[in-house]
Amino acid sequence: MKSNVLKISIIIFALMLIFVSVSGVSAESNDTTVLTLSKSGIIINYPSTWGYSQAVSPYSIMAISKLDSIDSFGIGQVNINIEKKPIEGEFETFVNESYTPMKYDSNYDLVSSGSSSIAGYDALEYVYTSNDNGVQKQHKAVWFEKGGQAYVLLYSAPIDKFETNLYVFDYILSDIQIT
């Protein structure tokens, strides 16, 4: 009899642990919702674990960052910045010349470059690393032209956080609306 009571107690305890584990996972997944940001003809959707942040570029039209990476100045260490710049000359030359100084600056290393597309627009993609005062980051930039303006979506993160957060940038690229 004691053996049966012990077995039943163990089974009940195991079931309670499973219930608590499943409840925790369900609650966690329900906390993330999709938010929308729209500005200057660009509409993006992003997870609620990300939010508005400050951008250091004067060309920025919107910036979001992983909420737990935003510092006391409002700047995210894991961020996506969308910029709009007037094109001077031909688009591809304009973009390529933006990366020419990297060849001569040891703080930058161009990893890859090539053609891409975004929301039906031809695009150029650059991946590079930087070292700014000892902080090593990786960046992925996707450029496209619309209405005589060069737009760039730039994802930046410390090297050790780049791959684990890249899915948000890739989602934005696949879901972006350009009006």
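Keep in mind it's a predicted model, so treat the numbers as computed, not measured.
In this structure, Leu153 and Phe169 have side chains that are in contact, with non-hydrogen atoms separated by less than 4.5 Å. Between Val152 and Tyr59, the closest side-chain pair of non-hydrogen atoms is not below 4.5 Å. In this structure, the side chains of Ile44 and Met62 come closer than 4.5 Å at one or more pairs of heavy atoms. You'll find the side chain of Ile87 reaches within 4.5 Å of the side chain of Glu145, heavy atoms only.
Among Asn45, Ile118, Ile43, the one residue that satisfies the side-chain contact (heavy atoms from CB on, under 4.5 Å) test with Ile176 is Ile118.
With values rounded to the nearest 0.5 angstrom, Glu90 atom CD is found 9.5 Å from Glu97 atom CD. Residue Asn107 holds its CG atom at 8.0 Å from OG of Ser130, rounded to the nearest 0.5 Å. Of the inter-residue distances, the one linking Thr100 atom OG1 with Leu110 atom CG reads 10.0 Å to the nearest 0.5 angstrom. Here CG of Asp175 is found 6.5 Å from CD of Gln177. Values are rounded to the nearest 0.5 Å. Between the CD1 atom of Ile61 and the CD1 atom of Ile82 there is a distance of 6.0 Å, given to the nearest 0.5 Å. For the atom pair CG of Leu124 and OG of Ser115, the computed distance is 6.0 Å after rounding to the nearest 0.5 Å.
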Please list, one pair per line, the donor and acceptor atoms closer than 3.5 Å that link side chains of residues 63-77 to other protein atoms, with sequence neighbours excluded.
| from | atom 1 | to | atom 2 | distance (Å) |
| --- | --- | --- | --- | --- |
| Ser65 | OG | Ser53 | OG | 2.7 |
| Lys66 | NZ | Asn165 | OD1 | 3.2 |
| Ser69 | OG | Lys66 | O | 2.9 |
| Ser69 | OG | Gln77 | N | 3.3 |
| Ser69 | OG | Val78 | N | 3.1 |
| Ser69 | OG | Val78 | O | 3.4 |
| Asp71 | OD1 | Phe73 | N | 2.9 |
| Asp71 | OD1 | Gly74 | N | 3.2 |
| Asp71 | OD1 | Ile75 | N | 3.0 |
| Asp71 | OD2 | Gln77 | NE2 | 3.4 |

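When every heavy atom of Gln149 is checked against every heavy atom of Pro86, the shortest pair comes out as OE1-N, 3.5 Å. Thr36 and Tyr46 make their closest contact through C-CE2, 4.1 Å (heavy atoms, listed as atom of the first residue, atom of the second, distance).
No more than 12 heavy-atom neighbours from other residues, nucleotides or ligands sit within 6.0 angstrom of CG on Asp122. Crowding of Lys161 atom NZ: a count of heavy atoms from other residues, nucleotides or ligands under 6.0 Å not exceeding 12.
Taking the six-membered ring for Trp, Phe144 and Phe91 have ring centres at least 6.0 Å apart.
Cluster annotation: Leu166 and Val142 are assigned to the same hydrophobic cluster (Ile/Leu/Val/Met/Phe/Trp/Tyr, side-chain heavy-atom contacts under 4.5 Å, transitive). The hydrophobic cluster containing Tyr108 also contains Val95, counting ILVMFWY residues as joined when their side-chain heavy atoms lie under 4.5 angstrom apart, directly or transitively. Transitive grouping of hydrophobic side chains (ILVMFWY, heavy atoms separated by less than 4.5 Å) keeps Leu173 and Val127 in distinct clusters. Neither Val56 nor Tyr128 shares a network with the other; the hydrophobic side chains, linked directly or stepwise wherever heavy atoms of I, L, V, M, F, W or Y lie under 4.5 Å apart, form separate groups for each. Under the 4.5 Å side-chain heavy-atom criterion for Ile, Leu, Val, Met, Phe, Trp and Tyr, Tyr52 and Leu154 are members of distinct hydrophobic clusters.
Inspection of the Thr129 and His139 side chains reveals no N or O donor paired with an N or O acceptor under 3.5 Å. Checked by atom type, the side-chain pair Ser57/Glu83 shows a donor-acceptor distance below 3.5 Å.
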| request: Give the C-alpha distance, both sets of side-chain angles, the deciding distance and a yes or no for salt bridge (Lys or Arg N to Asp or Glu O under 4.0 Å) between Asp160 and Lys137. | output: CA-CA 8 Å; Asp160 64 333; Lys137 287 190 166 188; over 6 Å; no

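A donor-acceptor pair is defined here as one N or O able to donate and one able to accept, closer than 3.5 Å; such a pair exists between the side chain of Ser98 and the backbone of Phe94. Using a distance-only test at 3.5 Å, with no hydrogens or angles considered, a donor-acceptor pair links the side chain of Lys146 to the main chain of Thr179. Side chain of Asp132 to backbone of Val135: no donor-acceptor contact under 3.5 angstrom is found.
Under the 30°/60° scheme for interplanar angles, the aromatic rings of Trp143 and Tyr99 are found to stand perpendicular.
Taking the centre and axis of the six-membered ring of Tyr155, the NZ or CZ atom of Lys140 falls outside the cone set by 45° and 6.0 Å.
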